[in-house]
Amino acid sequence: AQSVSQHNHHVILSEAASLELGCNYSYGGTVNLFWYVQYPGQHLQLLLKYFSGDPLVKGIKGFEAEFIKSKFSFNLRKPSVQWSDTAEYFCAVSEAYNFNKFYFGSGTKLNVKP
Amino acid sequence: NAGVTQTPKFQVLKTGQSMTLQCAQDMNHNSMYWYRQDPGMGLRLIYYSASEGTTDKGEVPNGYNVSRLNKREFSLRLESAAPSQTSVYFCASSERGTSESPLHFGNGTRLTVT
């Protein structure tokens, strides 16, 4: 089975600071990659996704992520965070030829101080 | 848009009791999923249904059963609840059931087993 690692369990930033959350996966084949966000008390929502093409993908609310195949990584970035970005962020991976199998990381809690 | 609706939102059970978690989606999605979310462990797939009439085990199926009642509804049953099943349960659906289709989540059911 795949494994998805998110290295930062809890990140605290001040508003306007830059954000980078790490995500690494173990599968060596073709993958689809996702970042989901869970705001306090809410369900998970899709932030962005990568299937193929340009390895730099842009999502909602100014987030972007870069797929580096050689490093098995899909890191999430945002140049300037806001208090409203306080949430838990999950990286997820699915195998291109084994659909219905989504593997999630353990999540990173982001607290943005106003 | 209702999206994915789960009931109940909260439930407390005693060890050995049974219950069914309900899930319905109104997006005409083919595939549906049940995940559990535990602190520090991310989301783990319990069962999924690739299409109406089919179900299959995920990572952590023991102690659970599912029913895909029709295209809209996918229920999760705990026959004899155990404290280890204390968790937050999320139902999700996806459009085509391929690895490229993102998951759409319900708001979750917080279950406590004493």
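Predicted model, so just to flag it, every value in this text is computed and none were measured. These values consider heavy atoms only, across backbone and side chains, with no hydrogens, waters or symmetry-generated copies.
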So does A:Lys109 have more than 12 non-hydrogen atoms from other groups sitting under 6.0 Å from NZ? no

Would you confirm whether the ring centroid of A:Phe102 sits within less than 6.0 angstrom of the ring centroid of B:Tyr35? no

Joint cluster assignment, B:Leu13 & B:Ile46, ILVMFWY side-chain distance < 4.5 Å: yes

Same hydrophobic cluster for B:Val4 and B:Val88, using side-chain heavy-atom links shorter than 4.5 Å among ILVMFWY? no

Just verifying a value: how many Å separate B:Glu59 CD and A:Tyr103 OH, rounded to the nearest 0.5 Å? 6.5 Å

hydrophobic_cluster_shared for A:Leu56 and A:Ile60, side chain cutoff 4.5 Å: no

With the 4.5 Å side-chain cut-off for hydrophobic clustering, are A:Leu110 and A:Tyr39 part of the same group? yes

Against chain B, label A:Gln45 side chain, backbone, both or neither, depending on which of its atoms sit under 4.5 Å from a heavy atom there. neither

In terms of heavy-atom proximity below 4.5 Å to chain A, should B:Gln6 be classed as side chain, backbone, both, or neither? neither

B:Arg44, CZ atom: more than 12 neighbouring heavy atoms under 6.0 Å: yes

Can A:Phe63 be reached from A:Phe67 by stepping across I, L, V, M, F, W or Y side chains whose heavy atoms are under 4.5 Å apart? yes

Closest heavy-atom pair, A:Phe90 versus B:Leu43, reported as atoms and distance to 0.1 Å, is CE2-CD1, 4.0 Å

If you take all heavy atoms of B:Gly40 and A:Ser106, which pair is closest and at what distance? O-CB, 3.3 Å

Under 4.5 Å from any heavy atom of chain B, what part of A:Leu44 do you find: side chain, backbone, both or neither? both

Provide the closest heavy-atom pair for A:His43 versus B:Phe105 in the form atom of the first, atom of the second, distance. CD2-O, 3.2 Å

Under 4.5 Å from a heavy atom of chain B, the part of A:Tyr50 involved: neither

